[in-house]
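One is the number of the first residue; the rest follow in order along the sequence.
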Amino acid sequence: ARVFRRHYTQSIGSFMLQSRLRLAMHRLAMTTEPIARIALECGFADQSHLTRLLHRETGSTPARFRRVARAVTRDHG
C-alpha cells in the first residue's frame with residue numbers, strides 16, 4: 001500500500017473509487033442505460049451514492065452530465 005501511494009500519490013481505495021467514477025461517466029456519456037443500473041454495475045451503493053460523488057467531482061448531476069456529454073459528442077462527432 002505504501003509503494004502504491006508513493007507511485008500514484010493516492011490510496012488504493014481512492015484510486016479504485018476514481019476508476020469506478022470514470023467508468024460511470026463513460027457509460028453515462030455513451031449509453032442510454034438507466035442511471036441506477038450504471039451506479040450499481042460500477043460498484044456504487046445506489047444511484048444517490050453515484051450522484052453525490054459525481055457532483056463532488058464535477059459539480060454536475062448524472063442526468064446533467066449525460067446531457068452535456070451527449071451535446072458535446074453530437075457537436076463534435
Side-chain angles (χ1 to χ4, degrees):
R2 279 182 271 158
V3 172
F4 186 93
R5 183 183 290 273
R6 198 168 27 246
H7 187 272
Y8 290 100
T9 66
Q10 61 183 332
S11 69
I12 294 170
S14 179
F15 180 86
M16 293 301 297
L17 182 60
Q18 290 296 318
S19 296
R20 292 190 345 247
L21 192 53
R22 278 193 306 273
L23 176 60
M25 291 165 69
H26 176 76
R27 289 175 69 174
L28 286 167
M30 304 306 287
T31 73
T32 59
E33 291 177 86
I35 295 167
R37 181 186 306 158
I38 291 172
L40 292 175
E41 290 180 357
C42 289
F44 296 95
D46 53 27
Q47 181 174 339
S48 66
H49 186 209
L50 170 60
T51 299
R52 277 192 312 277
L53 294 175
L54 184 68
H55 189 268
R56 185 173 71 192
E57 186 74 20
T58 67
S60 180
T61 65
R64 189 178 313 132
F65 180 87
R66 177 175 263 172
R67 279 194 305 276
V68 170
R70 288 208 177 131
V72 168
T73 301
R74 186 175 52 246
D75 292 344
H76 293 98

Does the side chain of Arg22 reach to within under 4.5 Å of the side chain of Gln18, using non-hydrogen atoms? yes
Close side-chain approach of Leu17 and Gln10, heavy atoms under 4.5 Å: no
Show the nearest heavy-atom pair for residues Gly59 and Arg64, with the distance to one decimal. O-NH1, 3.7 Å
Nearest non-hydrogen partners of Ala63 and Ile35, listed with the distance: N-CD1, 3.8 Å
Using a 4.5 Å cut-off on heavy atoms from C-beta on, say whether the side chain of Leu50 contacts that of Gln47. no
Do the side chain of Arg66 and the main chain of Thr31 share a donor and acceptor less than 3.5 angstrom apart? yes
Identify the two heavy atoms, one from Arg27 and one from Cys42, that lie closest to each other, and give their separation to 0.1 Å. NH1-SG, 3.9 Å
Looking at His7 and Val3, would you say the former's side chain and the latter's main chain have a donor-acceptor pair under 3.5 Å? no
Do Met30 and Leu23 share a hydrophobic cluster, counting only Ile, Leu, Val, Met, Phe, Trp and Tyr and linking them when any side-chain heavy atoms are less than 4.5 Å apart? no
Do Leu21 and Leu54 make a side-chain contact, defined as non-hydrogen atoms from C-beta onward lying under 4.5 Å apart? yes
Looking at every non-hydrogen atom in both residues, tell me the closest pair between Ser11 and Arg5 and how far apart they are. CB-NH2, 3.4 Å
Look at the rings of Phe44 and His49 and say which category their plane angle falls in: under 30° parallel, 30 to 60° tilted, over 60° perpendicular. perpendicular
For Leu53 against Arg56, the heavy-atom pair lying closest together: CD2-NH2, 3.1 Å
Which heavy atom of Ile12 sits nearest to which heavy atom of Ala1, and what is that distance? CD1-CA, 4.2 Å
